[in-house]
Every structure is written in C-alpha cells, then in structure tokens.
Amino acid sequence: MVGAHVGPDHPLDAAADIGADCVQIFLSDPQGWERPPPRDDASQLRSSPVPVYVHAPYLINVCSPRNNVRYGSRKILQQTCEAAADVGARAVIVHGGHADDDVAEGVGRWVRTLQMLESAVPVFIENTAGGTNAVARRFDALARLWEGVSSTDTSFEVGFCFDTCHAHAAGEELSAAVERVLSIVGRIALLHANDSRDPPGTGADRHANLGQGKIGPETLSAMIGSAGPPVVVETPGGVDELRTDIDFVRAALAG
Ligand SMILES: [Zn+2]
C-alpha cells in the first residue's frame with residue numbers, strides 16, 4: 001500500500017488522480033490549535049476502500065514542560081483522534097515532540113498523555129527532524145521513549161511512524177537505520193518516504209521529491225525496501241511529482 005499526503009478538500013479524488021492506494025490528510029490547520037471541524041464527506045471516507053491516515057497538527061508537543069503547551073497539545077490530539085474516528089481513519093500520526101528540559105521527563109509526559117488519551121483509532125508516534133531533547137529524533141532517545149510507551153496500558157494501538165527525511169535531518173547513519181529502528185520499536189507501522197533538501201544532521205525539515213534530494217536514491221530505495229509497506233510520501237509538487245514519487249516507492253518495494 002503506497003500513497004501520499006494530499007490536500008484536505010477531495011482526498012479520494014486526489015488519490016485517484018495520483019494512483020495512490022491510500023492517502024494522508026490534515027483534519028485541521030496543521031499550524032493551528034482549532035478543533036477539527038466535522039467533514040461533509042465523513043461517511044464517504046469511512047466507506048471508501050482507500051485507507052485514510054490523519055496527520056495531527058505540527059504544533060502538538062505533549063512533551064513540553066510548559067503546562068499550557070502540554071495541555072493544549074493533549075486536548076487537540078484527543079480532538080484529532082475523535083475526528084479521525086469519524087472519517088474511519090486507519091491511524092493518527094503525531095510527532096514525538098521535544099521536552100526542552102530532559103528526555104526522561106518528555107518520556108514521562110508521553111506516558112501520561114497515552115494514559116489520558118481515548119482513541120478509537122491507532123496512534124502512530126513519528127520521529128522528528130529536530131528539537132531540543134526531542135524524544136524521537138535520535139534513536140537513543142527513541143529507545144527510551146519506546147520503553148515507556150510499551151509499558152503503558154492503552155485501549156488503542158500505539159505504533160511508530162518512521163520518516164526518512166527526519167532521520168537524515170537528525171544525523172542518524174542511514175544505511176542500517178531501518179534495522180536499528182526495528183530493533184527498538186519492533187514494527188514500522190507506517191513509513192513516511194521523503195527525500196531532504198538539506199545536508200544530513202541539520203535538523204531542517206524540508207522534504208524533497210524522492211531521489212532529488214540529499215539522501216541519495218540508492219540509500220532511500222534501500223530504506224523503503226527494508227521498511228516495507230504501508231508507505232506515504234509527503235513531498236512537494238502536483239499530480240506529476242506525486243505520481244513519480246509513488247512510482248519510486250513501488251520500484252523500491254519491488255526491489
Ligand atoms: Zn513525516
């Protein structure tokens with residue numbers, strides 16, 4: 001299953017246009033704190049054979065030592081999970097976030113968040129490109145996060161979403177990155193296949209079309225092949241660019 005992040009307006013039409021098996025969308029402003037509004041096409045999305053993934057807003061940082069940021073983050077994550085259930089989403093993807101003060105504190109705040117969260121859909125935590133004391137940027141921190149996550153009882157699945165651009169931006173060595181991540185989290189629930197406009201380790205989160213950025217086509221193909229499906233590309237451009245990126249992923253999966 002290979003798809004792309006698409007605009008929120010007509011995701012199923014967009015999927016057909018680009019030949020995607022699945023799509024990822026935002027349900028609210030990715031840079032805002034507003035509750036996701038109800039969608040007129042909720043029942044269509046629910047009954048569609050095309051799986052829909054929901055990306056939570058970027059501002060969410062459940063690890064923040066600042067109470068207002070943490071409480072606001074938990075609130076909109078909860079609201080996003082409810083809105084995602086309304087459209088029958090396959091999962092909600094949320095960035096791991098950063099603690100500012102201390103990774104261990106950040107892990108504890110994630111555990112508390114998961115204990116409080118109620119979700120009818122799985123929640124996938126994604127590795128991030130940057131952030132001070134980020135809990136899912138460098139793999140050593142991810143290992144600590146996953147220890148906390150795995151020992152937390154939830155009524156919903158908590159999975160890991162691996163973003164290739166973010167691992168590159170984090171400065172992780174990419175040749176065995178998928179294997180190292182798998183040894184930590186057990187399973188990659190969703191791969192975000194993105195190239196990067198920036199050199200490794202910069203912390204910059206600027207996605208590029210696959211094979212056109214600084215990761216290198218061979219490394220990127222190998223990562224996609226090792227991770228396997230489902231895969232979503234979050235790359236720039238229109239129909240042609242996304243089609244080309246989806247083809248790149250399918251070729252990489254075919255080995
Ligand atoms: Zn991503």
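Counting starts at 1 for both ligands and their atoms, following the listed order. Just so you know, these numbers come straight off a predicted model, no measurement behind them.
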(request) Using only N, O or S atoms, tell me which atom of E234 is closest to the Zn ion (ligand 1). (result)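 Looking at E234, the N, O or S atom with the least distance to the Zn ion (ligand 1) is OE1.
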(request) Among the N/O/S atoms of D163, select the one at the shortest distance from the Zn ion (ligand 1) and name it. (result)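 So the atom name we want here is OD2.
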(request) Using modelled atom types only, decide if a donor and an acceptor are shared between the side chain of R137 and the backbone of A129 within a distance under 3.5 Å. (result)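 Side chain of R137 to backbone of A129: a pair is present.
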(message) I need the Y58 OH to F26 CZ distance, nearest 0.5 Å.
(response)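 Taking OH in Y58 and CZ in F26, the distance rounds to 3.5 Å.
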(request) To the nearest 10 degrees, calculate the angle at the Zn ion (ligand 1) involving ND1 of H192 and OE2 of E126. (result)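 The angle at the Zn ion (ligand 1) comes to 90°, rounded to the nearest 10°.
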(request) Flag the pair D140 and R138 as a salt bridge only when some basic side-chain nitrogen lies within less than 4.0 angstrom of an acidic carboxylate oxygen. (result)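 Not counted as a salt bridge, because no side-chain N and carboxylate O are separated by less than 4.0 Å.
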(request) Look at R66 together with D101 and state whether they make a salt bridge at an N to O cut-off of under 4.0 Å. (result)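 No salt bridge links R66 with D101.
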(request) Flag H5 as yes if one of its N/O/S atoms falls below 2.8 Å of the Zn ion (ligand 1), otherwise no. (result)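 Checking H5: none of its N, O or S atoms is under 2.8 Å.
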